Amino acid sequence: MTPATVFFALLLYAAALLGAAGLVWRIRDYARTPAPLKIPTTPAPTTTGGVVLRMLREVTLFESLFRANLWIWLFGWMFHVALALVLARHLRYFTQPVWFWVEWIQPFGMYGGLAMVAGLAALWARRFLVERIRYISTPSDHLMLALLLGIGISGLSMKFLAHTDIIAVKEFALGLILFDWQPLPVHPGLFVHLFLVAVLIAIFPYSKLLHAPGVFFSPGRNQSDNPREQRHLAPWAAALDKAKV
Amino acid sequence: MAATVTAPPLKPYPVIPILEVGAMGKTKTFPANAPMQQALGFPGELVEDWHDKAIFKLGELLGKYRSLKVYLDACVHCGACTDKCHYFLGTGDPKNMPVARQDLLRKVYRRHFTWSGKWFPKLVGAEDLTKEVLDDWYSYFNQCSECRRCSVFCPYGIDTAEITMAAREIMDSIGLGAKYTNEIIGKVHKVGNNLGLPGPALADTLSSIEEDLKEETGLDIRLPVDEKGAEVLLVTPSADFFAEPHVYSLMGYAKVFHAAGISWTLSTHASEAGNFGLFIGNYGQMQKIATRVREGILDLGAKRLVVGECGHAWRVAYNFWNTLIGPFDFLDPNYPVPQHICELTYDLIQRGAISFDKSANDRYVVTFHDSCNVARASRMGGMPGGQFEIPRAIVRAVANKFVEMNPETIREKTFCCGGGGGLLTDDLLDLRVKGALPRMEALQAVVESDGVNFMATICAICKAQFSKVLPYYKFNMSMVGGVHQLVGNAIRLGPK
Ligand code: SF4
Ligand code: SF4
């Protein structure tokens, strides 16, 4: 076992633990916090089915963003779709045998990598070029983009510049899942890639990446518009009611 | 406070302004004095340990409102909302960009309630709640009309109105309330309506309006008040009782009831549809104000509950009454509870129960201004978007000439009049004039292209705000009026 293998195995376990624990804590917190009043942004669907559709459009097409600003939508959507493709492509490192559709999307995943980097670069450029966005940007906004770009570029470098032994990488990955550690190939690009990924996973629930679970809990988007038909009462509001009578 | 009020020039097409840092930082609405604060159970002045109290209150609200928690967490600073607020477009002050307004509270939230803000404040833009930050809160959270336009465009539906309400609630709890809202809420508790109009004065006003109606139509069109056993209780903003152009809509409602033969009444106890408890984000105040409506209808024994032309009142009535003062199982289940006066009129039109002489409105080329709380925080009729279609259908039924403004400025994308959310006060007139800019530009365009000379709307605040600011943009103040003002002009009365 090389020291690098031990280091990255432990790092990835730690990151996964931190990320997962944080995410569970955050989601439980959201779910348990009441929404005492009906506040969907109207016009809103009147049924639960309609709400599911609205949410689907929101998270797959970024409908609101599309209406707000075509450029942000274009770069943001491109980045997210590309990321999804790239993640799907990476499933080949974690499945044995590789699922057929994962096999099938491999070539697209590669373009995804390029599109992802391009989208991120454009999003970052806006933080410098557009006065309003420069005004609202914090250091962490820049760092987050740097982190994602670092992941994308280090990943692409292994495809286009210096290949790594991906068979060994896959054995390492499967070994992590099965708690049967296998050696990690020595490769600077890979080390950078894995390190940054670990950081990303670890900080997910402690950063603005919370927008991912958050959108599902947004009362403006996830409530149905039926306040006259159905009385909506949160526990603390109901307790107020009781206290009065 | 410098009382200079300047209207920005109207441009032929909208332009996103260059940032003018600090342009509106000194603009502060008058604070509530001690008696006004104490009447609502808030401290009379800024408390000694305001910092700790404010943080404590923020923690309490985070536990009570999922909206606040999720919205403070989820923003990615994408900037999609930055050019969506009329106050930013009118003032150029970056802190009037919705996300920057939110960040005033978010940075304190990060500092005290997130791990990253505790350990790496600089990195994530976390900040302590200093006196300067508190000053900014007071300035800029009283420069948001809670109109929700930003929330339409945010990919996560982040609603700055919710954040503004929370911030105002925190400020109230440490003794830093706004005079305009808090004084008015006190009046409602004491007298029953925002204008502080006592029962006998209301009855007088109504009978003089009845005389005006008699003179105009030759008919005995009634404005009944406190009549037990009437079928409908109408709750309307108190401005309808004697502000202009509001009162013309009140006459319009009376004519509709008269023509349709529906027995109705107003209530001196529930003589206010408006509910400023919403504006200060205070659930208890909102419920206390709304309770008068429940008491009023129980006392009079009416079977239907109808609400007059008022934007935020309709939001509270439509979305919150059932929660705050429901259930309404004692009312007639054949009608929605509550029902908007436009729903009622529209229904009568559909059934052919009332008819119109449209030529009576031929002197007008009409456009319709969607009021923010109706557009983005309520509904009418059975279908999503009925809040847009029903008032327009009424206007089309009563007037021959109707023109829409720029589609980017109507329906759910409508611009606030500039005076909503508890900002309709003269000490904020400069802000109000500037905030009206996007609407004035859209209006200017249809005035030039189609000769529009009447902007119909269904909100008491919009009517008051436009009457005041239209002249600053060289428009005639009587260009604004209610939908039921037009209805009242055209409705056929008397024997059919
Ligand atoms: S709610 Fe309206 S006034 Fe407030 S920040 Fe959003 S757009 Fe501006
Ligand atoms: S649109 Fe939403 S996520 Fe984007 S900056 Fe504005 S509030 Fe934040």
Side-chain angles (χ1 to χ4, degrees), chain A residues 26 29-30 33-46 50 58 62-65 67-69 72-73 76 123 126-127 130-133 135-141 143 203 206-211 214-215 217-222 225 227-228 230-234 236-237 240, chain B residues 16 18-19 62-67 69-71 73-84 94 97 99-100 103 114-116 122-125 148 151-159 162 283-284 287 318-320 322-323 326-327 336-338 375-379 384-385 387-388 412:
Chain A
R26 235 30 229 148
D29 194 21
Y30 289 159
T33 309
L37 294 166
K38 277 282 198 174
I39 57 167
T41 318
T42 58
T46 53
E58 208 56 88
F62 299 6
E63 187 180 43
S64 299
L65 190 57
R67 293 199 292 182
N69 186 311
I72 308 182
W73 176 83
L123 287 172
R126 286 177 48 261
R127 293 212 180 272
V130 182
E131 191 192 20
R132 283 169 288 128
I133 315 230
Y135 180 90
I136 59 171
S137 296
T138 60
S140 59
D141 294 326
L143 274 180
I203 63 170
Y206 313 97
S207 68
K208 68 175 186 177
L209 299 179
L210 275 176
H211 69 278
V215 61
F217 290 94
S218 166
R221 294 288 182 269
N222 78 6
D225 176 18
R228 288 193 290 198
Q230 223 162 38
R231 186 155 190 243
H232 176 88
L233 210 55
W236 67 260
L240 277 185
Chain B
I16 302 170
I18 310 274
L19 302 192
L62 285 166
K64 276 177 150 180
Y65 294 95
R66 183 192 298 157
S67 51
K69 185 175 281 182
V70 172
Y71 294 164
D73 271 347
C75 174
V76 295
H77 282 173
C78 72
C81 60
T82 52
D83 58 349
K84 302 296 183 270
M97 299 191 293
V99 47
D103 276 351
T114 70
W115 174 87
S116 51
K122 286 257 155 49
L123 185 74
V124 297
R148 311 185 97 202
S151 83
V152 169
F153 297 99
C154 173
Y156 319 111
I158 296 175
D159 182 1
E162 291 292 306
Y283 190 98
Q287 188 167 43
Y318 173 84
N319 265 309
F320 305 156
N322 201 0
T323 298
V337 184
R376 293 185 281 260
S378 81
R379 175 163 59 99
Q387 69 271 34
F388 311 129
E412 71 265 34

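Sequence lines set the chain letters: A, B, ... in the order given, protein chains first and strands last, and positions in each chain run from 1. Keep in mind that this is a model prediction, so the values were computed, not measured.
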For the candidates [options], which exhibits the highest count of non-hydrogen atom pairs separated by less than 4.5 Å from chain B?
options                                   : result
Arg127(A), Arg231(A), Glu131(A)           : Arg231(A)
Gly220(A), Pro139(A), Pro40(A)            : Pro139(A)
Asn69(A), Val215(A), Ile72(A)             : Ile72(A)
Leu209(A), Asp225(A), Thr46(A)            : Asp225(A)
Asp29(A), Val130(A), Leu233(A), Leu123(A) : Asp29(A)

Beyond-backbone contact of [X] with [Y], side-chain heavy atoms, under 4.5 angstrom:
X         : Y         : answer
Arg221(A) : Tyr156(B) : no
Tyr283(B) : Leu37(A)  : yes
Arg379(B) : Pro43(A)  : no

Shortest non-hydrogen contact between [X] and [Y], atoms and distance:
X         : Y         : answer
Ile136(A) : Thr82(B)  : CD1-CG2, 4.1 Å
His232(A) : Thr323(B) : O-OG1, 2.7 Å
Ala68(A)  : Lys84(B)  : O-NZ, 3.0 Å
Lys64(B)  : Pro36(A)  : O-CD, 3.4 Å
Ser140(A) : Val124(B) : OG-CA, 3.6 Å
Arg66(B)  : Asn222(A) : NH1-ND2, 4.2 Å

Less than 4.5 Å to any heavy atom of chain B: does that hold for the side chain of [X], its backbone, both, or neither?
X         : result
Ala44(A)  : backbone
Glu63(A)  : neither
Asp141(A) : side chain
Arg132(A) : both
Glu58(A)  : side chain
Leu143(A) : side chain

Mind telling me whether Tyr65(B) and Trp236(A) have parallel, tilted or perpendicular rings, with 30° and 60° as the class edges?
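Rings of Trp236(A) and Tyr65(B): perpendicular, over 60°.
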
Straight-line distance of [X] [atom1] to [Y] [atom2], nearest 0.5 Å:
X         : Y         : atom1 : atom2 : result
Thr42(A)  : Gln387(B) : OG1   : CD    : 4.5 Å
Thr41(A)  : Asp159(B) : OG1   : CG    : 6.0 Å
Leu65(A)  : Cys78(B)  : CG    : SG    : 5.5 Å
Ser207(A) : Leu123(B) : OG    : CG    : 10.5 Å
Tyr318(B) : Arg228(A) : OH    : CZ    : 5.5 Å

Residue list, side chain to side chain contact (heavy atoms under 4.5 Å, CB included) with Ala375(B), at least two apart or on another chain
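Once residues adjacent in sequence are excluded, the partners of Ala375(B) under the side chain to side chain contact (heavy atoms under 4.5 Å, CB included) criterion are Asp370(B), Phe388(B), Thr414(B).
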
Could I get the full list of side chain to side chain contact (heavy atoms under 4.5 Å, CB included) partners for Trp115(B), not counting sequence neighbours?
Tyr206(A), Trp119(B), Phe120(B)

Name the option with the most non-hydrogen atom pairs under 4.5 Å to chain A; the candidates are Cys81(B), Ser116(B), Pro338(B).
Pro338(B)

Go through Cys154(B), Cys75(B), Gly385(B) and name the one with the most non-hydrogen pairs under 4.5 angstrom from chain A.
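When all of Cys154(B), Cys75(B), Gly385(B) are compared, Cys154(B) has the most.
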
Please flag which part of [X] lies under 4.5 Å from any non-hydrogen atom of chain A: side chain, backbone, both or neither.
X         : answer
Ile16(B)  : side chain
Thr114(B) : neither
Val337(B) : backbone

Given the rule in the side chain to side chain donor-acceptor pair (under 3.5 Å) test, do Tyr135(A) and Asp103(B) qualify, once you have shown the distances and angles that lead to the verdict?
CA-CA 11 Å; Tyr135(A) 180 90; Asp103(B) 276 351; over 6 Å; no

salt_bridge(Asp73(B), Lys208(A)) N-O dist < 4.0 Å
no

Stepwise, does the side chain to side chain contact (heavy atoms under 4.5 Å, CB included) test hold for Ile158(B) with Ser218(A)?
CA-CA 7 Å; Ile158(B) 296 175; Ser218(A) 166; over 6 Å; no

